[in-house]
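Computed from a prediction, not measured in an experiment: that's the story for all the values here.
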Amino acid sequence: MSLTLAAPYAEAPAPVSAPVSAPVSAPVLAPRERETLRHIAAGRTYLQTARHMGLSKHTVDAYLRRIRAKLNISSTAELTRLAISLGL
């Protein structure tokens with residue numbers, strides 16, 4: 001009794017390629033919002049950021065609230081991850 005393969009040199013199935021998605025565009029942030037995001041992502045506090053930018057800490061808070069609203073982000077960790085991905 002011998003065993004033989006029906007198709008000894010059968011081709012491997014073609015790899016399934018992932019759908020190509022459109023490149024993710026950079027979020028539309030004002031220059032001061034980008035600067036604020038850069039400072040916060042660097043680990044500065046609101047007060048340190050405000051002093052460095054010549055603003056009140058309330059203005060820094062307002063910038064960050066606008067950034068969070070524009071990008072639907074809820075945590076500082078997510079803000080930091082965004083800043084890194086944007087190269088800030």
Practice item. Report the residues that fulfil salt bridge (charged side-chain N to carboxylate O under 4.0 Å, His left out) with Lys70, sequence neighbours left out, ordered by chain and then residue number. Key: Glu33
Review point. Counting heavy atoms not belonging to Arg32, are there more than 12 under 6.0 Å from its CZ?
Key: yes
**Study point:** Straight-line distance of Arg38 CZ to Leu86 CG, nearest 0.5 Å
**Key:** 12.5 Å
Review point. How long is the gap from CZ on Arg65 to NE2 on His58, to the nearest 0.5 Å?
Key: 10.0 Å
Check your understanding: What are the two closest heavy atoms between Ala83 and Ala41, and how far apart are they?
Key -> CB-CB, 3.4 Å
Exercise for review: Please report the closest heavy-atom contact between Leu37 and Leu79, naming both atoms and the distance.
Suggested key: CD1-O, 3.5 Å
**Study point:** Residue pairs fulfilling side-chain hydrogen bond (donor to acceptor under 3.5 Å, both in side chains) with at least one residue in residues 79-88, sequence neighbours excluded
**Key:** none
Review point. Is it true that Asp61 and Lys57 make a salt bridge, defined as a side-chain N closer than 4.0 Å to a carboxylate O?
Key: no
Check your understanding: Can you tell which of Val60, Thr59, Leu55 makes a side chain to side chain contact (heavy atoms under 4.5 Å, CB included) with Tyr46?
Key -> Val60
Review point. Just how far is it from atom CG of Leu29 to atom CG of Leu82, taken to the nearest 0.5 Å?
Key: 7.0 Å
Review point. In terms of hydrophobic clustering (I, L, V, M, F, W, Y; side-chain heavy atoms under 4.5 Å; direct or indirect links), are Leu47 and Met53 co-clustered?
Key: no
Practice item. Would you sort out whether His39 and Gln48 count as a side chain to side chain contact (heavy atoms under 4.5 Å, CB included), showing the intermediate values? Key: CA-CA 9 Å; His39 288 292; Gln48 291 169 332; over 6 Å; no
